[in-house]
Amino acid sequence: DEERLAGDYLKERFQTYGLKPAFGSSYFQEFPFIEKLELTKNNSLTLINSGNEIFLKPGDDFITAPFSGNSRVVGNAVFVGYGVSAPRLNYDDYEGIDVKGKVVIAMRYHPEHDSSKSSFDMYSTYRQKAALARDKGAAAIIFVNGFLPKNDEDLLMNLRYDGAPAMQNFSVLQIKRSSVDQIFKDAKLDFADYQKRIDQSKQPMVIEIENLLIDIETEIQAVEKTARNVAGILEGNDEQFKNEYIVIGAHYDHLGIDQLLTSSMYKGNEKVIHFGADDNASGTAGVMELAEKFASMKDQLKRSFIFIAFSGEELGLLGSSYFVNNPPIPLENIITMLNMDMVGRLNSESNLTVIGAGTSSTWKNLLEEKNNYELKLSLSESGSGGSDHQVFYNKNIPVLFFFTGTHEDYHRPTDVAEQINYEGQEKVLNYVFEIADAVNQ
């Protein structure tokens, strides 16, 4: 397991620098997480049309949604357009119908799918539509891609864990468009025309297929694993301030080799290594560099430091969330958190984004004062943002997040070491060091 190897390497580095274990006698903080979801053998979808059974194949003809509950359902089918209820838009696909105990079939998106910004957007996610169907008393919901938008390739959703709970005892699936098209044809109806009429009129159109029964079984199994944060401590020397801690962190996980299970931007079919040189070997290297630097001057430290490499960031800030909820020291003793995520691609204009500049009254002056490296700073006051500093900000801890910007290699296999701007990264790390040292004073 590559995460284990990387964690062991970080521990060895921290030991070499003379950092003390952050978690009692250990440098590791283990936490559980769901690595992936798997379909068990108990996933089936059978269309029973006038007594004729059509068995659909999981993965090819249909897929169980990652947030589906485990359930067995047999019910009549009812098409509910887009499956949207938006009273303030005078649109309700469920108006005047009873779907209790039935299997509803709903198209993805909404009647204004060609609009770049529509008021329907807020009603149109998979989860929203599924929760609405459940609340209306439906036994299950099946999603299908309509014939519009035209560039829709009728791909089935990925079986990827989204970090939220499943819908207990309620089946959620997606079926291929060809199967629904055939259902319409058997009933002497036209699926493409059905969608066009709803789009043009903005009027719901419910269709019940009297001779159609749908037999559904869904069961998803979560594969649980254990990940590890890696952290070491340098203790301060000032009796008054050594119980105040400065956290310097970065995430050391990336996407692995299976893009179908991750947020990869790579669309190829073969499994490939996502190296993550910038995201976030650059930040992890920064934590090690700063740990070594501060360790070399440990006698000058007033306050204490925690140097930490988080795991599980790419799955939703899992490691950092676990850390702030299970801290090795009282959380109120952490006076700031400095986060580095993608600091290896400083561009020719030396643009550096710093998020969190408004989370402490001292940050803006300090950020300007210590900019001795001709960095073109772009400051964001809020501490919000998709990296590990976010969870510290949520606990009212002042944060700074350093980021040299996204690029075309982001979350792709081409994010490799040869693309790193090492001189630029050195500037950023020196800058972060000076800020951290100023906080220490």
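These numbers come from a predicted model, not from an experiment.
Of the inter-residue distances, the one linking L331 atom CG with K395 atom NZ reads 6.5 Å to the nearest 0.5 angstrom.
Of all heavy-atom pairs between Y82 and D93, the closest is N-OD2, 3.3 Å. The minimum heavy-atom distance linking A22 with P328 is given by the pair O-CB, 3.1 Å. Looking at every heavy atom in both residues, I355 comes nearest to S382 through CG2-O, 3.1 Å. For G405 against D278, the heavy-atom pair with the smallest separation is O-OD2, 4.3 Å. Taking each heavy atom of N43 and L39 in turn, the nearest pair found is ND2-CB, 3.6 Å. Nearest heavy-atom pair across A130 and F170 is O-CE2, 3.6 Å.
Looking only at atom types and distance, the side chain of Q390 has a donor-acceptor partner in the side chain of N394 under 3.5 Å away. Side-chain N/O atoms of N145 and R108 include a donor and acceptor closer than 3.5 Å. Side-chain atoms of Y123 and R88 form a donor-acceptor pair, as typed in the model, at a separation below 3.5 Å. Of the N and O atoms on the side chains of E434 and N430, not one donor lies less than 3.5 Å from an acceptor on the other residue. Side-chain contact annotation: E3 with S311, donor-acceptor N/O pair under 3.5 Å present. With no hydrogens or angles considered, no side-chain donor-acceptor pair links S387 and H251 at under 3.5 Å.
Residue pairs meeting the salt bridge (Lys or Arg N to Asp or Glu O under 4.0 Å) criterion with at least one partner in residues 326-344, sequence neighbours excluded, are absent. Counting only residues at least two apart or on different chains, the salt bridge (Lys or Arg N to Asp or Glu O under 4.0 Å) pairs with a member in residues 290-308 are E244-R303. Pairs engaging residues 118-133 under the salt bridge (Lys or Arg N to Asp or Glu O under 4.0 Å) rule: R127-D162 [sequence neighbours left out].
Using cut-offs of 30° and 60° for the angle between ring planes, the Y126 and F143 rings count as perpendicular. Ring geometry for F307 versus F294: interplanar angle of 30 to 60°, hence tilted.
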Which atom pairs, one a donor and one an acceptor, fall under 3.5 Å between side chains of residues 221-228 and the rest of the protein, sequence neighbours left out?
residue, atom, partner, partner atom, Å
K225, NZ, E35, OE2, 3.4
R228, NH2, R4, O, 3.0
R228, NH2, D8, OD1, 3.0

Side chains of residues 69-77: which donor-acceptor partners sit under 3.5 Å, not counting sequence neighbours?
residue, atom, partner, partner atom, Å
N70, OD1, I220, N, 2.9
R72, NE, D215, OD1, 3.0
R72, NH2, D215, OD1, 3.1
R72, NH2, D215, OD2, 2.8

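Scored by the side chain to side chain donor-acceptor pair (under 3.5 Å) test, S304 finds no partners at all (sequence neighbours excluded).
Between F120 and Y91, the gap from one ring centroid to the other is short of 6.0 Å.
Shown here is I34, whose CD1 atom has more than 12 heavy atoms of other residues, nucleotides or ligands within 6.0 Å. Q15 CD: more than 12 foreign heavy atoms inside a 6.0 Å radius.
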